[in-house]
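The next block holds one structure in the form of structure tokens; read it before the comments.
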Amino acid sequence: MANDASTVFDLVILGGGSGGYAAALRGAQLGLDVALIEKGKVGGTCLHNGCIPTKALLHAGEIADQARESEQFGVKATFEGIDIEAVHKYKDEVISGLYKGLQGLIASRKVTYIEGEGRLSSPTSVAVNGQQVQGRHVLLATGSVPKSLPGLEIDGNRIISSDHALTLDRVPTSAIILGGGVIGVEFASAWKSFGTDVTVIEGLKHLVPVEDENSSKLLERAFRKRGIKFNLGTFFDKAEYTADGVKVTLADGKTFEAEVLLVAIGRGPVSAGLGYEEQGVAMDRGYVLVDEYMQTNVPTISAVGDLVPTLQLAHVGFAEGMLVAERLAGQKVVPIDYDGVPRVTYCHPEVASVGITEAKAKELYGADKVVALKYNLAGNGKSKILKTSGEIKLVQVKDGAVVGVHMVGDRMGEQVGEAQLVYNWEALPAEVAQLVHAHPTQNEALGEAHLALAGKPLHSHD
């Protein structure tokens, strides 16, 4: 419940997703009087429609694959199929536990939580449930929703978004996925593990096109091996219903048919009709524009998360929300280096990276000033035990720091923490090579890659 109408909060937050609730928790911890307004459930997309449920589906798919492939490890197991109702029960239990914990955190920090659809009504207030919630500062954190294309209507029946895919009451026999970015390849991976015949359509020339090209090629090779089909380099033209599914036509006239079409071309900001432009907030294509401290052009208004044109990642939202809270509490804050944020695509195999690509490094420093090294996971004992393949690629400024770490292989998302330290502390390969990594671990592969880059390879060729 809100305080009485005379209350002026230090911070009023519109949106209770990753960025909004992180700002609320940190602000309250620093002594700010905080109001958090959310029309749905606190936790937002990540907890309820994104990171958490998709990873639960991917883990269920991993278990299915392990059951199918158990004999190669000397274990006799029988795979009898996917009980999608039970999968959803497992997924929903994970979400429910985290949701209850988050609600408890908000209550324990004494954040005033207001459930309702809010609208920015002045540079210092939000209208919600027929009242004006006043604040010395307002934080916009209204997040994003799945995007579509002109003329392509997501109907929730045969043409669906990721929101629909997370609650689908069946495993589709076949699926076309429009978009080969993070969302597209994660669903492709999970559905293939469940037994779906999957085709990914990506208009650009590679899957996960924002990653280093080597990572994209490794993923494409792994997907071919898994039987996941994909068509690259040609854009979508139209989709139409058939007697029992959907037909997709590309710009070159090529057609594909399947039971469902998942539109996974990214997410767009939620900002229309919320009063932002009326209050003078600078916008671009629906995004709220901010400076490096998440401050808009209106002094009393900041914005974070998917609403601003930064990386659409929950952990970026956390960091941006905390930065705003600390700035408002008078603490010294440091702008976020978005290149230094770890990025993970949780398909099978996983794609994890931090820093810049080799192509970007050559653009910034010159081709003759960039060194790249690839360490094959075939030389890593734990990866052999797990029967995963892939590579760790390091990008270094010649005689200088490592500026990019790009990894492909199962569980590589768990290795990106050390990679983040390597990049953000501007480590030299020789400095990382001095660290002793536990054997046998996959983390050891990161150490071995730096040993090789430092000129003293152990379990790899010169």
Side-chain angles (χ1 to χ4, degrees), residues 179-186 200 202-223 230 232-233 264-266 309-313 315-316 319 335-347 349-377 389-429 432 442 445-450 452-454 460:
V182 173
I183 298 170
V185 300
E186 288 189 350
V200 181
E202 171 54 55
L204 299 178
K205 64 179 182 177
H206 286 296
L207 297 178
V208 289
V210 300
E211 294 292 341
D212 190 273
E213 188 172 317
N214 187 65
S215 295
S216 296
K217 289 178 177 179
L218 288 169
L219 179 63
E220 288 158 14
R221 185 188 307 166
F223 270 22
F230 47 89
L232 305 173
I265 60 168
T310 56
L311 292 171
Q312 289 188 331
L313 298 168
H315 45 289
V316 167
I336 297 165
D337 174 4
Y338 291 98
D339 287 334
V341 171
R343 305 170 296 274
V344 186
T345 304
Y346 294 88
C347 49
E350 290 183 351
V351 180
S353 63
V354 67
I356 60 176
T357 66
E358 181 180 359
K360 183 66 174 178
K362 287 179 176 178
E363 180 186 317
L364 289 174
Y365 302 105
D368 60 333
K369 295 289 194 295
V370 173
V371 178
L373 178 136
K374 299 175 186 176
Y375 177 83
N376 197 305
L377 292 183
S389 59
E391 288 179 356
I392 292 177
K393 177 179 176 179
L394 303 179
V395 180
Q396 177 200 15
V397 177
K398 193 172 184 179
D399 299 324
V402 173
V403 295
V405 182
H406 306 277
M407 304 181 284
V408 177
D410 288 342
R411 306 186 185 182
M412 285 298 105
E414 302 302 324
Q415 311 311 320
V416 82
E418 182 179 347
Q420 179 184 210
L421 297 180
V422 169
Y423 171 85
N424 284 288
W425 286 347
E426 300 178 355
L428 301 174
V432 182
Q442 286 186 291
L446 197 55
E448 293 260 1
H450 283 86
L453 193 55
S460 61

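Just so it is clear, the structure is predicted and the values come from calculations on it, not from any experiment. Position 1 is the first residue of the sequence; numbering continues from there.
For the pair Val403 and Tyr365, the minimum side-chain heavy-atom distance is below 4.5 Å. Side-chain contact between Cys347 and Phe223 is present, with heavy atoms from C-beta onward closer than 4.5 Å. Contact of the Val208 side chain with the Val185 side chain is registered, since non-hydrogen atoms from C-beta on lie closer than 4.5 Å. Val408 places a side-chain heavy atom less than 4.5 Å from the side chain of Pro349. In this structure the side chain of Val416 never reaches within 4.5 angstrom of the side chain of Met412, judged on heavy atoms. Counting only heavy atoms from C-beta outward, the side chains of Val395 and Thr357 never approach each other to under 4.5 Å. Val341 has its side chain within reach of Ile336: a pair of non-hydrogen atoms, C-beta onward, lies under 4.5 Å apart.
Residues that satisfy the side-chain hydrogen bond (donor to acceptor under 3.5 Å, both in side chains) test with Glu211, not counting sequence neighbours, are Ser353. In this structure, the side-chain hydrogen bond (donor to acceptor under 3.5 Å, both in side chains) partners of Gln415, at least two apart in sequence or on a different chain, are Asn443. In terms of the side-chain hydrogen bond (donor to acceptor under 3.5 Å, both in side chains) criterion, Tyr375 has no residue partners (sequence neighbours excluded). Annotation: side-chain hydrogen bond (donor to acceptor under 3.5 Å, both in side chains) contacts of Gln396 (sequence neighbours excluded): none.
Taking CD from Glu448 and CG from Asn376, the interatomic distance works out to 12.0 Å, rounded to the nearest 0.5 Å. Separating the CD atom in Glu186 from the OG1 atom in Thr345 is a distance of 6.0 Å, to the nearest 0.5 Å. Note that CZ of Phe230 is 5.0 Å distant from CD of Glu220, once rounded to the nearest 0.5 Å. Atom NZ of Lys374 and atom CG of Asn214 lie 4.0 Å apart (nearest 0.5 Å). Between atom CG of residue Leu453 and atom CG of residue Leu428 there is a gap of 10.0 Å, rounded to the nearest 0.5 Å. The OH atom of Tyr423 sits 6.5 Å away from atom CD1 of Ile356, with the distance rounded to the nearest 0.5 Å.
For residues 363-373, the salt bridge (Lys or Arg N to Asp or Glu O under 4.0 Å) pairs, not counting sequence neighbours, are Lys360-Glu363. For residues 392-403, every residue pair satisfying the salt bridge (Lys or Arg N to Asp or Glu O under 4.0 Å) rule, not counting sequence neighbours, is listed here: Asp212-Lys393, Glu358-Lys393.
For the residue pair Gly413 and Glu350, the shortest heavy atom distance occurs at N-OE1, 2.8 Å. The two residues Leu311 and Tyr338 make their nearest non-hydrogen contact at CD1-O, 3.6 Å. Residues Leu207 and Ser216 come closest through the heavy atom pair O-OG, 2.8 Å. Residue Val432 comes nearest to Ala427 through the heavy atom pair CG2-CB, 3.8 Å, listed as atom of the first residue, atom of the second, then distance. Looking at every heavy atom in both residues, Gly181 comes nearest to Glu202 through N-OE1, 4.0 Å. Contact detail for Gly180 and Pro209: the closest heavy-atom pair is O-CD, 4.0 Å.
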Step-by-step side chain to side chain contact (heavy atoms under 4.5 Å, CB included) determination, Leu232 to Lys205
CA-CA 5 Å; Leu232 305 173; Lys205 64 179 182 177; 5.6 Å; no
Side chain to side chain contact (heavy atoms under 4.5 Å, CB included) assessment of Leu446 paired with Met407:
CA-CA 9 Å; Leu446 197 55; Met407 304 181 284; 4.1 Å; yes
With side chain to side chain contact (heavy atoms under 4.5 Å, CB included) as the criterion, how do Val402 and His450 come out once you've worked through the C-alpha distance, each side chain's angles and the decisive distance to 0.1 Å?
CA-CA 9 Å; Val402 173; His450 283 86; 3.8 Å; yes
Stepwise side chain to side chain contact (heavy atoms under 4.5 Å, CB included) test for Leu313 and Arg343
CA-CA 8 Å; Leu313 298 168; Arg343 305 170 296 274; 4.2 Å; yes
